[in-house]
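Some notes on the structure that comes next.
For the single chain, residues carry numbers from 1 onward in sequence order. Keep in mind that this is a model prediction, so the values were computed, not measured.
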Amino acid sequence: MILIYEPADQPAERYDLDDLGAIEAEAIERVTGKTWAEVEQALQQQSPTALRACLWVWHKRKTPSLRFSDFDVPGWRKRLKARMSTGEVAETVAAVQREYPEDTPDFAQALRELRFLAEDPADVQAALDGQGPKEALPAA
């Protein structure tokens, strides 16, 4: 999962949650009261608590004394979002293809949701075309 934070009048910050340490993930679990699997689900639902907790641990790297209770993200709805990485999109497309016949409304709805959650919506079509994650493609 990719966390994207767009502070006012500053360049966007992009964090790959696969780069979190175990202690950081545990801190997120502790402050949210959720297991990591539940945190991931909450991120897909754009939960403000899960989004804020993930951004908080990244900011704690620079400011170790930063307390979660003191960490706010003004305008969080427009400044903070979670999106699926290319690899996660490919895995999810494969799961959707196993779950639903391609000519059903459920399949189409799952792909619409996936395009919304993908950091790059084109990754969905690439996975459908059998190209897999961009990182796995040979350089042109």
Hydrophobic cluster membership, Ile28 vs Ile2, 4.5 Å side-chain cutoff:
no
Contact between Leu128 and Leu111 at the side-chain level, heavy atoms closer than 4.5 Å - yes or no?
yes
hydrophobic_cluster_shared for Tyr5 and Leu17, side chain cutoff 4.5 Å:
yes
According to the side-chain hydrogen bond (donor to acceptor under 3.5 Å, both in side chains) rule, which pairs have a member within residues 9-21, sequence neighbours left out?
Glu13-Tyr15, Glu13-His59, Arg14-Glu119
Which residues pass the side-chain hydrogen bond (donor to acceptor under 3.5 Å, both in side chains) test with Gln41, sequence neighbours left out?
none
May I ask you to decide if Glu102's main-chain N or O and Gln97's side chain share a donor-acceptor pair within less than 3.5 Å?
no
If you group Ile, Leu, Val, Met, Phe, Trp and Tyr by side-chain heavy-atom gaps below 4.5 Å, do Ile4 and Phe116 land in one group?
no
Grab the two heavy atoms, one from Ala82 and one from Met1, that are nearest each other, plus how far apart they are.
CB-SD, 3.9 Å
Does any non-hydrogen side-chain atom of Leu43 lie less than 4.5 Å from one of Met84?
no
Evaluate the criterion side chain to side chain contact (heavy atoms under 4.5 Å, CB included) for residue pair Glu88 and Leu114; output intermediate values, then yes/no.
CA-CA 10 Å; Glu88 290 169 318; Leu114 190 51; over 6 Å; no
List the residues meeting side chain to side chain contact (heavy atoms under 4.5 Å, CB included) with Pro105, not counting sequence neighbours, and say none if there are none.
none
Heavy-atom side-chain proximity of Glu6 to Lys81 below 4.5 angstrom:
yes
Let me confirm one number: the OG1-CD distance from Thr92 to Gln44, rounded to the nearest 0.5 Å.
7.0 Å
Output all residues satisfying salt bridge (Lys or Arg N to Asp or Glu O under 4.0 Å) with Glu24, sequence neighbours left out; order by chain, then residue number.
Arg61
What pair of heavy atoms forms the shortest contact from Phe107 to Pro101, and how long is it?
CB-O, 3.3 Å
Taking side chain to side chain contact (heavy atoms under 4.5 Å, CB included) as the definition, give me every residue that meets it alongside Arg30, ordered by chain and number, with sequence neighbours left out.
Ala27
Side chains of Val124 and Val93 in contact at under 4.5 Å (non-hydrogen atoms)
yes
Residues that Arg77 engages under side chain to side chain contact (heavy atoms under 4.5 Å, CB included), provided they are two or more places apart
none
Which other residues belong to the hydrophobic cluster containing Ile23, where Ile, Leu, Val, Met, Phe, Trp and Tyr are joined when side-chain heavy atoms lie under 4.5 Å apart, directly or via other members?
none
Residue set satisfying side-chain hydrogen bond (donor to acceptor under 3.5 Å, both in side chains) with Arg112, at least two apart, ordered chain then number -> Gln109
Those residues that, when tested against Lys34, pass salt bridge (Lys or Arg N to Asp or Glu O under 4.0 Å) (two or more places apart)
none
Ser69: which residues meet the side chain to side chain contact (heavy atoms under 4.5 Å, CB included) condition with it, sequence neighbours left out?
Arg67
Who passes salt bridge (Lys or Arg N to Asp or Glu O under 4.0 Å) against Arg98, sequence neighbours left out?
none
Using distance only, find each side-chain donor-acceptor pair of residues 48-56 under 3.5 Å and give its atom names and separation, not counting sequence neighbours.
unit_1, atom_1, unit_2, atom_2, d
Arg52, NH1, Phe68, O, 2.9
Arg52, NH1, Phe71, O, 2.6
Trp56, NE1, Leu66, O, 3.2

Would you say Leu20 and Leu3 are hydrophobically clustered, going by side-chain heavy atoms of ILVMFWY under 4.5 Å?
yes
